[in-house]
There are 2 protein chains.
Amino acid sequence: MSRAIPTPGLPPTAALLPVTVDVIGLTVRGGVLQVLLVQRLLEPFAGVLALPGGFVLPDETLEAAAARELVEETGVAPPGHLEQLRTYGPLDRDPRGPVVSVAHLLLAPAFGLPAAGGDAADVAWHDVRPLLAGRGGAGRALAFDHARILADGVERARAKLEYSALATAFCGTEFTVAELRSVYEAVWDVRLDPRNFHRKATGTPGFLEDTGRTTSGGTGRPAALYRLAEAAGDPAAVVLNPPLMRPDA
Amino acid sequence: MSRAIPTPGLPPTAALLPVTVDVIGLTVRGGVLQVLLVQRLLEPFAGVLALPGGFVLPDETLEAAAARELVEETGVAPPGHLEQLRTYGPLDRDPRGPVVSVAHLLLAPAFGLPAAGGDAADVAWHDVRPLLAGRGGAGRALAFDHARILADGVERARAKLEYSALATAFCGTEFTVAELRSVYEAVWDVRLDPRNFHRKATGTPGFLEDTGRTTSGGTGRPAALYRLAEAAGDPAAVVLNPPLMRPDA
DNA sequence: CCAAAAGTGTTCCGGGTACACCCATGG
DNA sequence: CCATGGGTGTACCCGGAACACTTTTGG
């Protein structure tokens, strides 16, 4: 098995492998957790839904590669929070041979997608629930090992909402407590008590900041508008203490 | 930059990268958290301490590669729990060029190492604390970006002790509550109340199982010997509910 | 006035912390 | 009988869950 050595100085035992990034792009639309999927054009798995992704170039970081692939496949630069999830080993992933894939998690407010059938493959939001439930069942399956990767990503998102301000990554810059609660309910797939959630969210130090403005036009009393507490460039860096705990279920 | 394509069928945009595994091997000896380090024989960083690791072969999983490297560098097959930590991008890691490294975390009881100056590089246990504190300070630095990787690994270990039974991975198959507490104290670098810890550890369902046997010979009352609750092949899979929380500090 | 959603006050209770106290062994 | 560490009982207190109640808008 002879391979070109790209970098002088690396020992001859240095086998080279194709390295890809896959992106689990999550959003909350209509109170439901959704994931960004593409329909594959080429074999293997032509026509099957898959996570967006592609090969890492040698002169970019993993995160930059994930961001670049998102731009290439969606046509826009998505807002939101991007972080590495985990890496899936070279074996039993791609029928063409060994491939290492570094999965990334994107948590973003719902953003517009180019009209279906655009330049790349068909890209659209899909409800997460049937994709998780349909292990080998009724739901449409995902290509490669992407069902497993999606499950890992959703679990990471669920866990991180507990002890960080990451839920705000699903919202716009300003949002109501009810919108934030809707994010928690969608991601955790539970009902939360609006009154206790309100007290908890507004009472946690370093989490929310009142803008002084309110909503208008809706039915019922107007809601105060909040934003993520300032000096928090990355909502993942905000440690919620005490955490917002999900019910035992 | 021309590269050989190892697998027919992959698109020509598929750049190949050297992929390595690094292992953060943690243990608790004498009430102190320690990490397994090698002294590098070759440039770059010849003579500098580094995490053990090496290149991934195309026909093995990432975890298998990590386990293989451990055997090669320590001369023994270490016991304990091995899990993937995270992956460090191709840039600004190795002066020789882009390298992707998948870091793994090993939590193990203290195991013997071959006599210093054995077959591979000099491998030994080192206290973790000065390596974390000596950011750019007094402590001896680690090669490459290994100081950062070590910090990430220790933080993962600290977090996982809270809500899983992973602390038992540092112990033998049978251990006392005091030994288990010593693990928590070493990893978290705190003092814990022995009485409350005892109640908490023995009272958490699915965690500990009384063997019925006790220690003997030490000073004071003999301690009951426990083992990890059965049907728990992997202690990381045991969810502690409620968790053992580390003090705020 | 009524419906609906926002926001507050209050009660109950489980679990963590602090610490007094008893138990079992070696010397 | 004393020192040492193992193990239990208990009182206090904080924070989450449940839910009654008030506030503010539109119709």
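So that the names make sense, note that chain A is the first sequence line, chain B the second, and so on, each numbered from 1.
You'll find that the side chain of Pro242(A) is closest to dG16(D), out of dA6(C), dG16(D), dG5(D). When distances are taken from the side chain of Ala178(B) to each of dG6(D), dG7(D), dG16(D), the shortest belongs to dG6(D).
Between Arg156(B) and Asp152(B), none of the side-chain N atoms (NZ, or NE/NH1/NH2) sits under 4.0 Å from a carboxylate O, so this pair counts as no salt bridge. A salt bridge is absent between Arg86(A) and Glu63(B): the closest approach of a Lys/Arg side-chain nitrogen to an acidic carboxylate oxygen does not fall below 4.0 angstrom.
Taking only side-chain nitrogens and oxygens, His198(A) never comes nearer than 4.0 Å to OP1 or OP2 of dA6(C).
The nearest whole Å value for the distance from the CZ atom in Arg221(B) to the P atom in dG6(D) is 10 Å. At whole-Å resolution of the value, CG in Asn196(B) and C1' in dC21(C) are 14 Å apart. The CG atom of Leu240(B) sits 11 Å away from the P atom of dG16(C) (whole-angstrom rounding). Taking atom CG of residue Asp248(A) and atom C1' of nucleotide dA17(D), one finds them 12 Å apart after rounding to whole Å. Between the NZ atom of Lys200(A) and the C1' atom of dC14(D) there is a distance of 12 Å, given to the nearest Å. Atom pair Leu244(A):CG and dG15(D):P shows a separation of 14 Å (rounding to whole Å applied). Straight-line distance from the CD atom of Glu162(B) to the C1' atom of dG16(C): 14 Å, rounded to whole Å. Atom CZ in Arg213(B) sits roughly 17 Å away from atom P in dG6(D) (whole-Å rounding).
Side chains of Pro247(B) and Leu192(B) form a contact here, defined as non-hydrogen atoms less than 4.5 Å apart. The shortest side-chain heavy-atom distance between Thr168(B) and Phe170(B) does not fall under the 4.5 Å cut-off.
The base of dG9(D) lies close enough to the side chain of Arg199(B) for a donor and an acceptor atom to sit less than 3.5 Å apart.
In terms of position along DNA chain D, the nucleotide closest to Arg195(A) lies nearer the 5' end than the nucleotide closest to the other residue of the pair Pro222(A) and Arg195(A). Comparing Arg246(B) and Gly217(B) along DNA chain C, the residue whose closest nucleotide (by nearest heavy atom) sits nearer the 5' end is Arg246(B). Both Met245(B) and Thr219(B) lie close to DNA chain C; mapped to their nearest nucleotides by heavy-atom distance, the more 5′-ward contact belongs to Met245(B).
Within 4.0 Å (heavy atoms only), Gly218(B) reaches sugar-phosphate atoms of the nucleic acid but no base atom.
Ring orientation note: the planes of His146(B) and Phe144(B) are tilted relative to one another, at an angle of 30° to 60°.
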